[in-house]
Every structure is written in C-alpha cells, then in structure tokens.
There are 4 protein chains.
Amino acid sequence: MRDSTSTRERIDRAALGLFVERGVAETSIRDIAQRAGIADGALYRHYRSKDELVWQLFSSRYLAFAETLDGLQLGQPTAERRLDAMVRGFCAFFDRDWELFAFLLIVQHGQLARLSEGARTPVDIVRAVVAAAMERGEVPARDADLAAAMVIGAVLQAATFKIYGRLPAPLGDYADELAAGCWRLLAGGKAAHSPSPERSRTP
Amino acid sequence: MRDSTSTRERIDRAALGLFVERGVAETSIRDIAQRAGIADGALYRHYRSKDELVWQLFSSRYLAFAETLDGLQLGQPTAERRLDAMVRGFCAFFDRDWELFAFLLIVQHGQLARLSEGARTPVDIVRAVVAAAMERGEVPARDADLAAAMVIGAVLQAATFKIYGRLPAPLGDYADELAAGCWRLLAGGKAAHSPSPERSRTP
Amino acid sequence: MRDSTSTRERIDRAALGLFVERGVAETSIRDIAQRAGIADGALYRHYRSKDELVWQLFSSRYLAFAETLDGLQLGQPTAERRLDAMVRGFCAFFDRDWELFAFLLIVQHGQLARLSEGARTPVDIVRAVVAAAMERGEVPARDADLAAAMVIGAVLQAATFKIYGRLPAPLGDYADELAAGCWRLLAGGKAAHSPSPERSRTP
Amino acid sequence: MRDSTSTRERIDRAALGLFVERGVAETSIRDIAQRAGIADGALYRHYRSKDELVWQLFSSRYLAFAETLDGLQLGQPTAERRLDAMVRGFCAFFDRDWELFAFLLIVQHGQLARLSEGARTPVDIVRAVVAAAMERGEVPARDADLAAAMVIGAVLQAATFKIYGRLPAPLGDYADELAAGCWRLLAGGKAAHSPSPERSRTP
DNA sequence: AATGAATGAGTGTTCATTCAT
DNA sequence: GATGAATGAACACTCATTCAT
C-alpha cells in the first residue's frame with residue numbers, strides 16, 4: 001500500500017508536469033513512466049489507459065477544487081465575504097500548485113463534456129453564490145449565468161496571465177484587487193436584467 | 001489561383017471544424033483532406049506540415065482579430081466607448097463564427113509561445129486601451145495588466161459559457177451587460193480593496 | 001491496379017506460408033510484411049487488421065473451394081461418380097497447393113463460427129450429395145450428417161497424414177483408393193438409421 | 001500434496017476450458033490463474049511457462065488416450081471387435097469430456113511435432129490394429145497408412161461435427177453406425193476401385 | 001496541382017515472466 | 001507454496017510524410 005500509493009503519486013506528478021510542459025498528445029505513456037521511474041507496463045496497474053489517466057487526473061482535481069471552493073464560501077456571512085473567500089482561496093490554490101491549475105486549464109476542453117450531469121463543478125459553486133446574492137438583494141439582480149461567467153473569467157484570466165508571465169508577483173498578491181474588481185463587477189450599477197433591448201449607456 | 005484559393009479555404013474550414021469537433025491531436029491529415037474533398041498528399045501543396053497548418057490557422061486568425069479589435073477602438077472618443085466598441089465587436093465576431101473562436105480558445109496553449117516577440121495580440125490591444133485610460137485619468141490607476149486580464153477574462157468566459165451551452169441567447173444579446181460589467185470593473189471604486197458597497201461611475 | 005494486385009497476392013502468399021510454418025499467433029504483421037517485401041503500414045491498405053487478413057484468407061478460400069467442389073459434382077450422372085469427382089478434385093486441389101489446405105485446416109477452429117448462416121461450405125456440398133444419394137436410393141438410407149462426416153473425415157485425415165509425412169506419395173496417387181473407400185463406407189451394408197438401440201453386429 | 005494436486009487440477013481444468021472457449025493465444029496466464037482461483041505467479045510453481053502448460057496438457061492427455069485405446073483393443077479376439085471397441089471407447093471418451101477432445105483437436109497442430117520419435121499416439125495404435133488385420137487376412141490388404149487415416153478421420157470428423165452442433169445426439173448414439181461404417185471401409189470390396197455395390201463382411 | 005500507395009517511426013497496450021514479501 | 005506489483009520486450013496499429021505517376 002505504501003509503495004503503491006507512492007507509485008501512483010509519482011505517476012500523477014510526472015503526468016501533470018509533462019502534460020503542462022508539452023501537452024497531452026505530445027506526451028507518451030513512455031515519457032510519463034520514465035519520469036515516474038517505473039516501467040511502462042506498471043502504469044497500467046494504476047490507470048487502465050492514457051485516456052483514463054487524463055480523465056481521472058482532471059475530474060478528481062477539478063471536482064475536489066469545487067468542494068474546496070464550496071467549503072471556503074460556506075462559513076461566510078455576506079456575499080462580499082463569500083466572493084472574497086473564494087477569490088483568495090483560488091489564488092492560494094494557484095500559488096501552491098500552479099502546474100495543476102495549468103493542467104486543468106489545458107485539458108478542460110474535451111474533458112468537461114465527460115463530467116456526469118449532476119457533477120458540482122467550480123463553475124456551479126460560483127454561480128450558486130452569485131445567484132444567491134442576487135436573490136437576497138445583496139447585489140443587483142442581473143443574469144446570474146452571465147455574471148458568474150464574468151467573475152470566473154476575470155479571476156481565471158489573471159491566473160492565465162500569471163502562467164504566461166504577464167504578471168510578475170504571486171497571484172496571492174493580486175487577491176485583494178481581484179476580489180474588489182469582482183465585487184465592483186457584481187455589485188456596482190443598477191439592476192438591468194439582460195438581454196434587454198434598451199441601450200445607450202454613455203454618461 | 002481561383003481554384004487554389006478555394007481549395008485552401010476548404011482545407012482551412014475543414015480543419016477548423018474537425019479541430020473543434022474532435023480536437024487537434026484527434027484529427028488526422030487524412031480526415032481534413034477527406035472533408036476538404038482532396039487527396040492527403042494534396043494538402044502538402046498548401047501547408048508544409050500539420051503543425052504548420054495549425055500554426056498558420058491560429059496565428060493568422062488571432063492576429064487578424066487583434067487588428068479588427070484595434071480598428072474598432074481607434075475611432076472612439078472615450079475609454080468607455082472604446083471598451084464598449086471592443087466588447088461589441090468581440091460579440092459580433094463570436095456570433096458570426098463561433099467555430100473559429102472555439103478553435104482559437106482550444107489551441108492557444110502551445111501556440112501562444114510561438115508568436116514573435118513583437119506581435120500585437122488582442123490581449124496587447126486591450127491592455128493598451130486600459131493602460132491609456134488609467135494614464136488619462138478616465139479610470140482609477142491600478143495594475144494595468146491585472147485590469148486587462150480581468151476585462152478580457154470576463155468577456156472570454158462569457159463566450160466559453162456560450163460554447164458550452166451555459167448561455168442561451170446569442171452572445172450579442174449580452175453585449176450591453178458585458179460592456180457595462182467591464183466598465184464597472186475598470187472604473188468603479190477608488191482603492192484596490194473596497195469593502196463598502198457604494199460606488200459612482202466616474203471618479 | 002497491376003501493382004496493387006500483385007502486392008496483395010504477395011501478402012496473401014507470405015501470410016499463408018508463415019501461418020502454416022509457425023501458426024497464426026506466432027506470426028506477426030511485421031513478419032508478413034517483411035516476407036511480402038513491403039512496409040508494415042502498407043499491409044493495412046489491403047486488410048484492415050490482422051484478424052481481417054486471417055478471416056478474408058480463410059473465408060474466401062474456404063468458400064471458393066466449396067464452389068469448386070460443387071462444380072465438379074454437378075456434371076456427374078451417379079452418386080458414385082459424384083463422390084469420385086469430389087475426392088479426385090480434393091486431391092488435385094491439395095497437391096496443387098497443400099499449404100493453402102494446411103492453412104484452412106489450422107485456422108478453421110475460430111473462423112468457422114464467423115461464417116454467415118447461409119454460407120455454402122464444402123461440408124454442406126458433400127452433405128447434400130450424400131443426402132441426395134440416399135433419397136434416390138443410390139445408397140442405403142442412413143444418418144446423412146453422420147455419413148457426410150465420415151466421408152469428409154476419411155479424405156481430410158488422409159490429407160492430414162500427408163501433411164505430417166505419414167503418406168509418401170502425392171495425395172492424387174491415393175485418390176482411387178480414397179474414393180473407393182468412401183464409396184464402400186457409404187454404399188456398403190444394409191440401411192440402419194442411426195441412432196438405433198439394437199446392437200451386436202458381429203457375424 | 002493434497003492441496004497442490006487439487007491446485008494443479010484446477011489449473012488444468014481452467015486452462016482446458018479457456019483454451020477451448022477462446023483459443024490458446026487468446027487466453028492469458030492471468031485468465032487461467034483467475035479462473036483457477038490463484039495468483040498469476042502461483043501458476044509458475046506448477047508449470048514453467050505457458051508453452052509448458054499447453055504441451056504438458058496436450059501430450060499427457062494425448063498419450064494417455066493412446067494407452068486407453070490400446071487397452072480396449074487388446075482384449076478383443078477379431079479385427080472387427082477390436083475396431084468396434086476402439087470406436088466405442090472413443091465415443092465414450094468424447095461424451096465424458098468433450099472439452100478435452102476439443103482441446104486436443106485445436107492444439108494438435110504445433111504440438112504434434114514435439115512428440116518424441118518413439119511416442120505411441122492414438123494414430124499409431126489404430127494403424128497397428130489395421131495393419132495387423134491386413135496381415136492376418138482379416139481384411140483386404142491395402143495401404144495400411146491410408147486405411148488407418150480414413151478410419152481415424154471418419155470417427156474424428158463425426159466428433160468434430162458433434163462439437164460444431166451438426167450432430168444432435170451424444171456421440172455414443174452413433175457408435176454402432178460409426179463402427180459399422182469403418183468396418184465397411186476397411187473390410188469391404190477386394191480391389192482399390194470397387195464399382196460394384198455388393199460386399200461381404202469377411203473375405 | 002493532384003493522386004493515393006507506400007513508408008517507417010512511434011504509440012498505446014498486452015502479457016509472460018520475475019521476485020521481494 | 002502463494003502473492004501481486006513490477007518488468008520490458010513484443011505487438012497491432014496509426015499517421016504524418018514522401019513520391020512516382
């Protein structure tokens with residue numbers, strides 16, 4: 001058990017690293033096994049196929065992060081605090097293991113569709129928080145999905161910038177600004193349930 | 001030339017469609033040639049390799065979009081109008097050819113690094129607009145890169161939601177809300193950490 | 001077409017030879033390609049898989065032989081002559097290409113089950129001739145299936161003996177004796193529709 | 001010893017069953033071990049390799065059957081009775097354990113060559129009986145090898161028909177007919193080519 | 001320009017076999 | 001004797017690429 005666990009962890013870490021460095025298709029099972037320090041065949045004791053490996057790696061981490069996010073948000077008294085906790089949590093998560101985040105980012109397309117219907121993803125968590133805030137009147141009522149998309153995108157893109165070297169400091173250093181920005185996005189202005197036909201927003 | 005152009009266009013369209021439907025690695029040159037209605041070998045008259053095809057497709061479209069974005073923004077008098085024009089332009093671009101956008105989204109990782117140092121990407125355009133707005137005092141001075149990331153992310157994620165079916169209407173229907181949200185994000189508040197819910201559009 | 005045909009024939013012959021020499025499982029696609037003088041990949045232009053190759057080789061030859069057998073039998077006036085023609089035909093077939101026969105013998109188990117329900121096999125041809133002979137009273141009425149089995153087995157086993165070196169001369173040299181033996185088997189004695197409970201056949 | 005024996009028997013039975021169901025090449029050591037209820041490695045306490053297992057299984061059963069056949073024949077006073085005893089014995093053997101017979105049938109090619117020069121096979125037993133009958137004048141003198149082949153083939157093919165479902169009743173129900181047919185084959189006629197239907201059992 | 005048969009390196013995967021426990 | 005994780009040499013098969021036509 002001891003050995004088996006450590007072997008699997010070595011596989012996971014090796015795969016994660018290679019997937020991020022070269023991409024999934026460009027990484028062979030041989031590459032992963034070599035970096036993990038095992039023979040190719042041994043990998044199949046832990047995952048039934050390369051596809052399985054990618055899928056398990058993605059889904060387990062992706063859904064675990066959703067739970068983490070939910071846990072952070074649950075204890076908070078106000079929508080603003082909930083958002084703040086989630087943003088901060090995300091930044092910490094990212095700074096602790098940016099490689100994992102990069103992996104999730106890279107492989108999401110093609111894996112997302114395989115999630116079971118009822119799976120609670122990070123997206124669902126954020127959307128629920130946003131929708132609740134609107135229902136309770138803590139925030140102007142708008143299209144909850146669109147609002148959730150914007151908040152998620154704002155934070156995610158910051159992380160992406162970080163990965164591509166467009167942001168110098170650890171993501172945690174931007175957490176305040178990110179949380180504040182998201183709050184402005186969400187809480188600012190008047191209600192305007194989109195899509196609405198009225199226009200002209202120029203002051 | 002007429003024939004050649006049309007063949008190339010068929011290749012491009014076939015490749016684009018297949019890449020989005022199945023992913024790049026899962027699409028073979030044979031698949032593309034077949035859908036384009038030519039023999040496998042013929043494809044090599046137009047692209048020297050599969051990698052080349054992906055790269056050409058990505059870079060030309062990606063950089064062309066940057067120019068489009070820049071053009072839209074150039075004529076506008078204020079930062080808010082510039083942002084509005086870009087958001088609206090993006091939505092129109094997306095609704096006209098969402099497949100192309102999905103392609104750009106999917107292949108960006110792995111292609112982004114190949115862009116030449118001085119290339120003007122959509123990201124650069126947005127960043128420049130945001131930075132200029134801050135310099136001119138049209139918007140509170142904050143970290144321009146972070147602000148640009150958030151704005152870009154907010155809009156991009158809305159498009160991603162649209163692709164995954166999380167938003168029902170055409171993206172254009174959300175353009176107002178998107179532009180307004182981005183403006184709130186950019187222009188709202190004074191300090192980085194604003195714990196108070198009140199805000200005013202212009203400082 | 002010229003080239004393609006010859007390539008396929010080279011593949012068939014190489015596969016046949018190797019299957020007989022080493023067995024199907026012991027023969028790799030590489031072995032076949034090498035003996036056929038082509039690259040491994042080229043084989044897949046002619047057969048979609050190794051299984052397909054074995055199956056095509058077996059079924060085409062097996063069913064073609066059934067037709068040959070049927071043709072030989074058709075022109076004959078009496079049951080004895082029909083049997084004689086078939087036995088003689090089989091021996092000629094064997095002596096012309098014993099390797100093909102050995103192949104059919106070796107791979108039959110596992111391939112036989114894949115034949116479509118209505119396929120006319122050599123076994124069906126012989127059985128039909130035997131049954132017709134019984135119906136017309138040319139031969140005592142017995143269990144047609146059993147009688148067909150015995151006739152087929154008698155000839156087949158002679159061929160098998162030949163393959164294993166237990167018979168020195170060409171099979172054709174035994175054709176008279178084989179045909180006569182089969183005829184004795186079929187035509188001799190009184191009718192005794194088996195399975196019947198009565199016993200004791202000792203004189 | 002008790003336990004070991006039973007383990008080995010379980011291995012043998014598992015292997016036999018799987019070989020017949022799927023074929024030898026399609027059956028892995030893991031499959032066998034699993035069905036036998038042991039770990040893969042444990043199998044190597046009983047057989048040094050998969051090849052060994054197949055070989056031991058084949059040769060022991062094949063040669064044991066030869067002895068059985070010989071024993072059955074030995075006590076009989078006449079050639080006809082000897083043949084009858086052997087046919088009957090074969091049918092009983094088949095009905096008692098058709099899986100074993102199917103195994104012998106399937107793997108014979110490729111194993112037969114490994115038998116030592118002097119090994120007494122079922123074929124040798126039958127041939128000896130046939131040859132002796134000819135020498136003693138109990139049966140017309142013909143090519144003993146060919147005659148033996150025909151007799152063996154006739155019975156074997158009936159068994160094969162049974163395996164493939166072409167014969168409905170237990171093989172034992174056909175024993176009379178089989179023995180009679182073989183005897184006609186052997187004892188009937190005078191010359192190799194007997195165009196006349198009349199015959200007498202003993203010359 | 002186009003064709004499509006051919007190439008051959010490389011992939012994911014299997015599986016007989018070993019060996020530390 | 002038994003276990004089962006690990007090995008590593010195959011294997012079937014794919015596919016980007018070439019090239020004679």
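First the proteins, then the strands, lettered A, B, ... as listed; each starts at 1.
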Contact under 4.0 Å: A:T7 side-chain N or O vs F:dA5 OP1/OP2: no
Of A:E26 and D:S49, the one whose closest nucleotide on DNA chain E sits nearer the 5' end is A:E26
Between the side chains of D:R61 and D:D97, is the shortest nitrogen-to-carboxylate-oxygen separation below 4.0 Å, so that they form an ion pair? no
Among [options], which nucleotide has an atom closest to any side-chain atom of [X]?
X     : options                : answer
C:I38 : E:dC15, E:dT7, E:dG4   : E:dT7
D:K50 : E:dA16, E:dT13, F:dC13 : E:dA16
D:A39 : F:dC13, E:dG12, F:dT3  : F:dT3
D:S28 : F:dT17, F:dT14, E:dC15 : E:dC15
A:R45 : E:dA16, F:dG4, F:dT14  : F:dG4
D:H46 : F:dA12, F:dA2, E:dG8   : F:dA2

Quick check on DNA chain F: between C:V24 and B:T27, whose nearest nucleotide comes earlier from the 5' end? C:V24
Most 5' of A:A42 and C:G41 on DNA chain F, judged by nearest nucleotide: A:A42
Give the ring-plane orientation class for D:F94 versus D:F101, where under 30° counts as parallel, over 60° as perpendicular and anything between as tilted. perpendicular
Below 3.5 Å, does any donor atom in the side chain of A:R30 face an acceptor in the base of E:dT13, or the other way round? yes
For F:dA20, give the paired nucleotide (Watson-Crick: N1-N3 plus N6-O4 or O6-N4; G-U: N1-O2 and O6-N3; both under 3.5 Å), or none. E:dT3
If pairing means Watson-Crick or G-U wobble with both distances under 3.5 Å, then the partner of E:dG12 is F:dC11
For the residue pair A:R13 and A:E99, what are the closest heavy atoms and their distance? NH1-OE1, 3.3 Å
How far apart are the closest heavy atoms of A:A36 and A:A14, and which atoms are they? N-CB, 3.9 Å
What's the gap between E:dA1 and F:dT21 when it is taken at their P atoms, as a whole Å value? 23 Å
Mind calculating the distance between CG (D:L53) and P (E:dA16) to the nearest angstrom? 11 Å
Distance in angstrom units between A:R22 CZ and E:dT11 C1', rounded: 14 Å
Is it true that the NZ or CZ of B:R114 lies under 6.0 Å from the centre of B:F58's six-membered ring and within 45 degrees of the ring axis? no
